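Since we're looking at a predicted model, the values are computed, not measured. All chains are named by letter (A, B, ...) in the order of the sequence lines, taking the proteins before the strands, and each is independently numbered beginning at 1.
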2 protein chains.
Amino acid sequence: MNAAEEKMRKRLEAAGLRPTRQRISLGEILFGRGDRHVSAEALHAEAAAAGETVSLATVYNTLRAFTGAGLVRELTIDANRVYFDTNIGAHHHFFDERNGALMDIPAELIKIDGVPTPPEGAEIEAIDVIVRVKTATS
Amino acid sequence: MNAAEEKMRKRLEAAGLRPTRQRISLGEILFGRGDRHVSAEALHAEAAAAGETVSLATVYNTLRAFTGAGLVRELTIDANRVYFDTNIGAHHHFFDERNGALMDIPAELIKIDGVPTPPEGAEIEAIDVIVRVKTATS
DNA sequence: GTGTTTGCAAAGTGTTTGCAATTTA
DNA sequence: TAAATTGCAAACACTTTGCAAACAC
């Protein structure tokens, strides 16, 4: 029995999710190597490349389940693709419009002042800072 | 000859766009009343409500043309819908996740410090701050 | 066993495209 | 008249859904 697999199984149980074969596989890919930003499509491809059999629908289901359980966070950065971020703490992003690359910016680095009081009855959920960059054309 | 229409015609010409009937109509709706945030679908509905005959495809074409000409700016805020902002100056946004409402925050109000140097060879295009709020459930 | 999850294929959204007809300069 | 624009319907890319079979507890 693989140790990483066992650990993932526990992590899913702790989050109240049934540790199915597919969720364990996807979890290992997502959380196995530091912070990641993935689209459903990309995760599906990675799973396939790793020899795991997981349908695209299940990848979507799983990512939604992980999001609901707080293991992962949805990012809105590109209008035609949902990204999921395995870093669930507060932080910001560099987004390279040329190639779609995303890079974390630790929350402590950026100081934001002067955010006005939200409209009557609204409460601030999150403050997202996206630094859009373009790499020079080669 | 409507004065507003004539003005819009000139504005389009100045931007290097042919002033077609459809572009003038859409332009008047977009720029006629202060800063606006619209989706293609919403603009199409508004045009229809105003009695203008414009196909949805043309609304998309026009918004793309306006974006290219710098009359309008694309906003990435919601993963399944593109918004266009008639305010092309630097500024930020409140976004109400409950009802999709968008509200401008003047750039001068918010001070951002500590943005790290972008990765090698990349240049900062824009810094977007999105303050996500939720109105209390009624 | 009972309720959950999977996976397929079909349906759904929002957006783009091909192309003939129309319009603009 | 030449080049750009329109509008329809079809094509697209991404995501969700319906439902029967497989699985977890």
Rounded to whole Å, please give me the gap between [atom1] in [X] and [atom2] in [N].
| X | N | atom1 | atom2 | answer |
| --- | --- | --- | --- | --- |
| F84(B) | dG14(C) | CZ | P | 14 Å |
| L17(B) | dT6(D) | CG | C1' | 15 Å |
| E13(A) | dT5(C) | CD | P | 13 Å |
| L12(A) | dT4(C) | CG | P | 17 Å |

Starting from I127(B), can I reach M103(A) by hopping between I/L/V/M/F/W/Y residues whose side chains sit under 4.5 Å apart?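 Yes, because M103(A) and I127(B) connect within a single hydrophobic cluster, where side-chain heavy atoms sit under 4.5 Å apart.
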
Only one of T67(A), T62(A), N61(A) clears side-chain hydrogen bond (donor to acceptor under 3.5 Å, both in side chains) with R64(A); which?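 Of the listed options, the one satisfying the test is N61(A).
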
Quick one about H91(A) and D35(A) (side-chain donor to acceptor, distance below 3.5 Å, no hydrogens or angles considered), yes or no?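 No.
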
Given DNA chain D, 5'-ward residue of the pair N80(B) and R21(A), judged by closest heavy atom: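 Final value for this comparison: N80(B).
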
Looking at [X], does any N or O in its side chain come under 4.0 Å of the phosphate oxygens OP1/OP2 on [N]?
| X | N | answer |
| --- | --- | --- |
| R81(B) | dG14(C) | yes |
| Q22(B) | dT23(C) | no |
| R23(B) | dT5(D) | yes |

What's the spacing between L30(A) CG and F84(A) CZ if we round to 0.5 Å?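 Reported value, rounded in 0.5 Å steps: 9.5 Å.
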
Rounded distance [0.5 Å steps], CG in L63(A) versus OG1 in T58(A):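 Here the rounded value is 10.5 Å.
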
Can you list, by residue number, the residues of residues 47-79 of chain B that have a non-hydrogen atom closer than 4.0 angstrom to DNA chain D?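 Heavy-atom contacts with DNA chain D come from T53(B), V54(B), S55(B), A57(B), T58(B), N61(B).
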
Identify the two heavy atoms, one from L109(B) and one from P116(A), that lie closest to each other, and give their separation to 0.1 Å.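 Between these two residues, the closest heavy atoms are CD1-CG, 4.1 Å.
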
What's the shortest heavy-atom distance between E52(B) and S25(B), and which atoms?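 Of all heavy-atom pairs spanning E52(B) and S25(B), the closest is OE1-OG, 3.2 Å.
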
For the side chain of R18(A) and the base of dT5(C), is some donor closer than 3.5 Å to an acceptor across the two?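 Result: no qualifying N/O pair found.
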
Would you please classify the geometry between the H93(A) ring and the H37(A) ring as parallel, tilted or perpendicular, with 30° and 60° separating the classes?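 Perpendicular: the ring planes of H37(A) and H93(A) meet at over 60°.
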
Lys/Arg-Asp/Glu bridge criterion (N-O < 4.0 Å) met for R132(A), E125(B):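 Answer for the salt bridge query: no.
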
Which residue lies more 5' along DNA chain C, comparing T20(B) with E41(B) via nearest heavy atoms: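 Result: E41(B).
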
Should stems be defined as at least three consecutive Watson-Crick or G-U pairs with both distances under 3.5 angstrom, which of them involve DNA chain D?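 For DNA chain D the paired stretches long enough to count as stems (3 pairs minimum) are C:1-25 with D:1-25.
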
